[in-house]
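Taking it in order: structure first as structure tokens, then the write-up.
Because only heavy atoms are used, hydrogens play no part in the values below, and waters and symmetry mates are left out as well, while side chains stay in.
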Amino acid sequence: MKLLWVWVVLPFAFAQLVTAFFDFNETELSLIESLEYGVSKINYNPLMVGLTLIHTAGAKGAVCLDGTLPGYHWHRGYGSGANSWLVQLEGGGWCNNIRTCVYRKKTRRGSSTYMEKQIPFTGILSEKAEENPDFFNWNRVKLRYCDGASFTGDSENKGAQLQFRGQRIWLAAMEDLMSKGMRYANQALLSGCSAGGLAAILHCDEFRGLFPRTTRVKCLSDAGLFLDAVDVSGGHTIRSLYSGVVGLQGVQHNLPRICTNHLDPTSCFFPQNVINHIRTPLFILNAAYDSWQIQSSIAPPSADPHGYWHDCRLNHAKCSASQLRYLQGFRTQMLNAIKGFSMSRENGLFINSCFAHCQSERQDTWFADNSPEIRNKPIAIAVGDWYFDRTAVKVASMVSSNGSSTQFNEN
């Protein structure tokens, strides 16, 4: 079976609609995400879905950073989708030390007290067939993120009154959803964006294990391919961040054993060291020039004390030729990280050349008139084709240093 990779030139200017940018201190990068809920002019009147707290979670110790109950938003499926389930794991960075976690527990990323009572369902969560052709009538769930370790921690700090219970939240939420009908699912998809995209990878095989073998189960990671990259100063900003998260929150006990048997726990929090071992079919959706990673991992202010990268990291149109070459090296690192993963015929890929972060929950990037496309196929159709086995999907669009495009086949 031949896998077709297509390298296409996409205008840099297009990506400006995709993401918003924020300037933040390195230690605060764990607290801030540029994506909110993806409400755009394209979907000016989105479905608003209420928050459901998981009341059985408290007895299990499955609580947010501040000890409040976790929750989710659920819109029931109907018709042909009545027994189909999509579970979307919310993103929102990480907290890697006591100070950032104490700050976080006073926000919606660490406490259900501050969570919105209703949120818009757009993109892959939309209930409209014209906006979400394959999943519009499924049971669609958004699990809120309030632990700061991609739903994997299990520890506490009594002195700071912090509960690191992401793994317990994951288990309590799955148990609650199974009791509400998910156990009857004939097909299911676990997805997530950013830190939630990383969580979708780390929990993918666990999710598969909830269902009988006859149930079609797959996973989608959107903007979750965080690379163990060197920053512009030669340092390891994101590895330092992840090391703090893993050590503080007791993550190591909940990482895939097949990875931790031969690598340190921090390395196993990086998806590039895990994806080749995932047994469940997995789709990776990512921007090759991931805006969060450029701003927070590659060229954070802490690695750029003289501000050489300041304008470039906030606006790619202001990057010099040498800076663009550096970013293209990051793109190459991403492609190299997924080479082995791409060899499985069950896996899927959509790697576009936007300066973006999270594309499945935004209507303008998921499925709209001007959505990103590769070979005339928008993201929503690519994901649907892969999920339902309509066709293999392994496509990448890239901009080379000289602006040319290249196409090749891989056996």
- Residues Asp385, Lys377; criterion salt bridge (charged side-chain N to carboxylate O under 4.0 Å, His left out); working and verdict: CA-CA 10 Å; Asp385 284 351; Lys377 184 176 291 190; 2.8 Å; yes

Between the main-chain N or O of [Y] and the side-chain N or O of [X], is there a donor-acceptor pair closer than 3.5 Å?
X: Arg313; Y: Gln295; answer: yes
X: Arg140; Y: Leu125; answer: yes
X: Thr215; Y: Ala185; answer: yes
X: Ser126; Y: Lys128; answer: yes
X: Lys105; Y: Gln161; answer: yes
X: Asp304; Y: Trp309; answer: yes
X: Ser344; Y: Phe341; answer: no
X: Glu131; Y: Gln363; answer: no
X: Arg109; Y: Gly91; answer: yes
X: Ser371; Y: Ala368; answer: yes

Would you mind reporting whether [Y] and [X] have side-chain heavy atoms less than 4.5 Å apart?
X: Asp231; Y: Ser297; value: no
X: Asn132; Y: Phe367; value: no
X: Pro256; Y: Leu202; value: yes
X: Thr266; Y: Arg239; value: yes
X: Tyr289; Y: His316; value: no
X: Ile338; Y: Asn347; value: no

Using a strict cut-off of less than 4.0 Å between a Lys/Arg side-chain nitrogen and an Asp/Glu carboxylate oxygen, indicate whether [X] and [Y] qualify as a salt bridge.
X: Asp66; Y: Lys106; value: no
X: Arg390; Y: Asp134; value: yes
X: Arg144; Y: Glu116; value: yes

Could you report the tightest heavy-atom contact between [X] and [Y], atom names first, then the distance?
X: Ala160; Y: Val102; result: CB-CG2, 4.2 Å
X: Ile169; Y: Cys146; result: CD1-SG, 3.8 Å
X: His203; Y: Phe151; result: NE2-O, 2.7 Å
X: Asn139; Y: Ala82; result: ND2-O, 2.8 Å
X: Leu143; Y: Tyr72; result: CA-CB, 3.9 Å
X: Ser221; Y: Leu198; result: OG-N, 4.3 Å

Spacing of [atom1] belonging to [X] relative to [atom2] belonging to [Y], to within rounding of 0.5 Å:
X: Tyr242; Y: Ser150; atom1: OH; atom2: OG; result: 6.5 Å
X: Cys101; Y: Arg99; atom1: SG; atom2: CZ; result: 10.5 Å
X: Ile381; Y: Trp366; atom1: CD1; atom2: CH2; result: 8.5 Å
X: Gln333; Y: Leu227; atom1: CD; atom2: CG; result: 5.0 Å
X: His357; Y: Ser291; atom1: NE2; atom2: OG; result: 6.5 Å
X: Leu53; Y: Thr68; atom1: CG; atom2: OG1; result: 8.0 Å

- Message: Just checking Trp386 against Phe350, ring centres under 6.0 Å apart?
- Response: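 Not close enough - the centres of the two rings lie 6.0 Å or further apart.
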
- Message: Using ring centroids (six-membered ring only for Trp), state whether Tyr387 and Trp138 fall under 6.0 Å.
- Response: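 Yes.
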
Under a 3.5 Å cutoff, is there a donor and acceptor pairing between the side chains of [X] and [Y]?
X: Glu206; Y: Trp170; answer: yes
X: Asp222; Y: Ser191; answer: no
X: Asn273; Y: Ser267; answer: no

What do you reckon, is [atom1] of [X] surrounded by more than 12 foreign heavy atoms closer than 6.0 Å?
X: Tyr184; atom1: OH; answer: no
X: Lys117; atom1: NZ; answer: yes
X: Arg76; atom1: CZ; answer: no

- Query: Taking the six-membered ring of Tyr145, is the NZ or CZ of Arg104 close enough (under 6.0 Å from the centre) and on axis enough (within 45°)?
  - Reply: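 Output yes; distance and angle both within limits.
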
- Message: For Leu162 and Leu248: C-alpha separation, side-chain torsions, deciding distance, then whether side chain to side chain contact (heavy atoms under 4.5 Å, CB included) applies.
- Response: CA-CA 11 Å; Leu162 288 167; Leu248 178 68; 5.9 Å; no

- Task: Pick out which of Trp292, Phe269, Phe330 makes a ring pair (Phe, Tyr, Trp, His ring centres under 6.0 Å) with Phe226.
- Result: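 Checked Trp292, Phe269, Phe330 against Phe226; only one passes ring pair (Phe, Tyr, Trp, His ring centres under 6.0 Å): Trp292.
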
- Message: Please identify which of these residues, Met178, Arg183, Arg216, meets the side chain to side chain contact (heavy atoms under 4.5 Å, CB included) condition with Phe211.
- Response: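 Exactly one candidate clears the test, Met178.
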
- Message: Applying the side chain to side chain donor-acceptor pair (under 3.5 Å) criterion to Gln88, which one of Glu361, Lys142, His73 satisfies it?
- Response: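 Option passing the side chain to side chain donor-acceptor pair (under 3.5 Å) with Gln88: Glu361.
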
